[in-house]
There are 2 protein chains.
Amino acid sequence: MSEGQATALPPPNERPTLKTIAFMTGLGITTVSRALKDAPDISAETKERVRLVARQIGYQPNRAGVRLRTGKTNVISLILSLEEEIMGLSSPMVIGISEILATTQYHLVVTPYRAQGNALDPVRYVLETGAADGVIISRTEPKDPRVALMMERNFPFATHGRTEMGLTHPYHDFDNERFAYEAVRKLVERGRKRLVLLQPPPYLTFYLHMRAGFEKGIRDFGATALPFSQVNLDTSLVDIRKAAETMLDGPDAPDGIVSGSGSGAVALVAALEASGRKLGHDVDLVSKESHMLLQWLRPEVVTMREDIRLAGRELAKAVIARIEGKPPAELQTLSYPIPTE
Amino acid sequence: MSEGQATALPPPNERPTLKTIAFMTGLGITTVSRALKDAPDISAETKERVRLVARQIGYQPNRAGVRLRTGKTNVISLILSLEEEIMGLSSPMVIGISEILATTQYHLVVTPYRAQGNALDPVRYVLETGAADGVIISRTEPKDPRVALMMERNFPFATHGRTEMGLTHPYHDFDNERFAYEAVRKLVERGRKRLVLLQPPPYLTFYLHMRAGFEKGIRDFGATALPFSQVNLDTSLVDIRKAAETMLDGPDAPDGIVSGSGSGAVALVAALEASGRKLGHDVDLVSKESHMLLQWLRPEVVTMREDIRLAGRELAKAVIARIEGKPPAELQTLSYPIPTE
DNA sequence: CTGTGAAACTGTAACGATACAGGTCTTTTG
DNA sequence: CAAAAGACCTGTATCGTTACAGTTTCACAG
């Protein structure tokens, strides 16, 4: 063949490709490709010309082509557990992530998984099929096999929640220790002494944090911790309510409660009121809260906000930075409880 | 070349491809490809052999390869408005969709858009770049430009909500007319006569439905409709509360309210109680509700559930069926208010 | 006037899959 | 027994992009 690529074929009238631009500019496909990525061996004038035409005809690189050739998917995979979905945490999270991704070439693929035991499956899927350039996971455990796996494969990811394996990886976390500590302080300030914690499921890392903050608060502010571990934040609201009612009828009834989630607090409020207690009078409740419902319907509940949308933004920024090679140690952020008054 | 494809190259030790299977079975790549799609010109024995090897080595087709060659993306795009996200509707929706997609080869890509005016942008993006095989949209308008565009291009989609353009397309919708009608009935049964509706924004199709049901109820059950259109379900809760307080102080104060959403109802409850009224005594409130919180904290509010997760499932099934060529007329479903007692 | 080197551009092959147009055999048909 | 008709398998080209290894041109040194 003596003819160049550029004149090889008038491109069809479909979606423009590099070939289209090559034809229009009279350049080779390779040149166009390199011009668009600002390669050093293309003249400034050519680059300008190519960019102009590309913009003019609305060229957008074919993702499948890029992906096939380079392996780059331009996809971030958000791996969610249905528990989160049900707690309504995922919605603002998705917004937050999207806010960041919208300014980039990345798409967001959402992959939920069912039971707790399957948490590894979606991660393995991404690793094996190269379905994404980066992954966001949440509900981390102290020894999290997903983290171990992705670290071992040197695959970019960020976690919502910390781990305790001595591995340095990107994360964003809410300071649950601080939350519980401040919650205890607020209760003691209101004269409460006999406290319980509606805590996260024990296998998750933030259980340790929240527990630690709670117990430190108990010590520092001189209160008593009562047991309440038959249920946790993953338990159904109905069961939380039942367990709370049983507790409130028993000898170890608390006068102050810390709830690790807003929906848990709703169940607790129901139980408290069913037992004839009056919030803010006989008993106080401090709760983490992500929507505003509690504040409206039970302003007596003391709430501290966790900004999940912010978490989404931070996590998205972190994975992308990780993909771009930034060291994990620089991609660890913490957010703090926001008082709602 | 006298050598066949099969013996061309021992495949590398990476992820298996058709070439890997071809090498292992001694067949040609084409044969393997056709065997896996159960083509008629491959012998039963060969197919079995190929399938066995494929399963054994965990072959999964490279999505980029398929997509580049065939244009099939195996992606469903969920296009969300941030309003929905904020109302928390998207979370169960995503679960529902995922439940269905998990049984297929489809991935779910979530694309939110910002303001109302940009609703068309993500749809255009998908159409122009072929980013997905099908689209799910919500918040439909009577004359919805997104629907018109996708119909014109004959692109598979399903809508959450109906349209009124004389175009037959797949949809799933909640029967908001029935909801409002039954809500009025319940209020009148409780002796309420002067009613208002916290309604959807007027440009959405379900405004028409809810309004129609409300007004029919007013006529059929002999009540009076009072105006309350300064705010709607998209208004911030703070503003809804303010508007409700103003209304309750005025001469046109209602004794019964229908709320088109659970979060709207929270603002209304706050306003009612601020005005010194007692729910179920001075005034009654019937609300649609998707989470269970209202029921717990204000059991006096009469609620009817809308199952968003079901909607997600129906919509996913509908797009996929549409992609597979099923006629749109057979892909229209309605769900009905679920009494919560 | 040849040789060298830099600047600017380009062709080829390949990523993995599939559409299409052949190939080989073997079996059937007249 | 030649020809036609299956049955079954396979090579080539291609989707859009990029890595890589050139090629062309021109200025300038020797």
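Labels below follow one simple rule: chain letters A, B, ... track the order of the sequence lines, proteins then strands, and each chain is numbered from 1. The shown structure was predicted, so the numbers you read here are calculated from the model rather than taken from an experiment.
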To the nearest Å, how far apart are [X] [atom1] and [N] [atom2]?
| X | N | atom1 | atom2 | answer |
| --- | --- | --- | --- | --- |
| A:Phe23 | D:dG16 | CZ | P | 16 Å |
| A:Ile21 | C:dT10 | CD1 | C1' | 16 Å |
| A:Asn74 | D:dG16 | CG | P | 18 Å |
| A:Arg67 | C:dA14 | CZ | C1' | 18 Å |
| A:Ile29 | D:dT18 | CD1 | P | 11 Å |
| A:Lys19 | D:dT17 | NZ | P | 10 Å |
| A:Arg15 | D:dG16 | CZ | P | 9 Å |
| B:Leu68 | C:dG16 | CG | P | 12 Å |

Worksheet item: Can a donor-acceptor pair under 3.5 Å be found between the side-chain atoms of A:Arg69 and the base atoms of D:dT17?
Response: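 Per atom types, no contact qualifies.
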Check nucleotides 7-9 of chain D for protein N or O atoms closer than 3.5 Å to its own N or O atoms and list the pairs.
from: D:dC9; atom 1: OP1; to: B:Thr46; atom 2: OG1; distance (Å): 2.6
from: D:dC9; atom 1: OP2; to: B:Ser43; atom 2: N; distance (Å): 2.9
from: D:dC9; atom 1: OP2; to: B:Thr46; atom 2: OG1; distance (Å): 3.4
from: D:dC9; atom 1: N4; to: B:Asp41; atom 2: OD2; distance (Å): 3.0

Discussion item. Both B:Val32 and B:Gly65 contact DNA chain D. Taking the nearest nucleotide for each, which residue is further toward the 5' end?
Written reply: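 On the 5' side of the pair lies B:Val32.
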Item to complete: Could you check if a side-chain atom of B:Val110 sits within less than 4.5 angstrom of a side-chain atom of A:His107, using non-hydrogen atoms only?
Response: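 Not in contact.
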Worksheet entry | Out of D:dG16, C:dA17, D:dT18, whichever nucleotide has its closest atom nearest the side chain of B:Val66 |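 Output: C:dA17.
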Worksheet item: Looking at the side chain of A:Thr30, which of C:dG16, C:dT18, D:dC20 is the nearest nucleotide?
Response: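 The nucleotide sitting nearest to the side chain is D:dC20.
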Practice prompt. Verify, without hydrogens or angle tests, whether A:Asn62 (side chain) and A:Gly65 (backbone) share a donor-acceptor contact under 3.5 angstrom.
Written response: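 Yes, the answer is positive, given that a donor and an acceptor are paired below the 3.5 Å cut-off.
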Worksheet item: Any donor and acceptor pair, going by atom type alone, linking the side chain of A:Asp133 with main-chain N or O of A:Lys72 inside 3.5 Å?
Response: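 No.
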Practice prompt. Classify the side-chain pair A:Ser33/A:Thr30 by whether it contains a donor and acceptor separated by less than 3.5 Å.
Written response: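 Side-chain D/A pair, A:Ser33 to A:Thr30: absent.
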Fill in: Residues, nucleotides or ligands: over 12 heavy atoms within 6.0 Å of A:Glu330 CD
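Yes, enclosed.
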Return all side-chain donor-acceptor pairs below 3.5 angstrom for residues 155-164 of chain B, not counting sequence neighbours, or 'none' if the list is empty.
from: B:Thr159; atom 1: OG1; to: B:Gly161; atom 2: O; distance (Å): 2.7
from: B:Arg162; atom 1: NE; to: B:Asp173; atom 2: OD2; distance (Å): 2.8
from: B:Arg162; atom 1: NH2; to: B:Asp173; atom 2: OD2; distance (Å): 3.3
from: B:Thr163; atom 1: OG1; to: B:His169; atom 2: NE2; distance (Å): 2.7

Discussion item. If the cut-off is 4.0 Å, is B:Ser33 near the phosphate of C:dA17, judged by side-chain N/O to OP1 or OP2?
Written reply: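 Indeed not, no polar side-chain atom of B:Ser33 lies that close.
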Practice prompt. Taking all heavy atoms of A:Leu204 and all of A:Glu141, pick out the closest pair and write down the distance.
Written response: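 That closest heavy-atom pairing would be CD2-CG, 4.1 Å.
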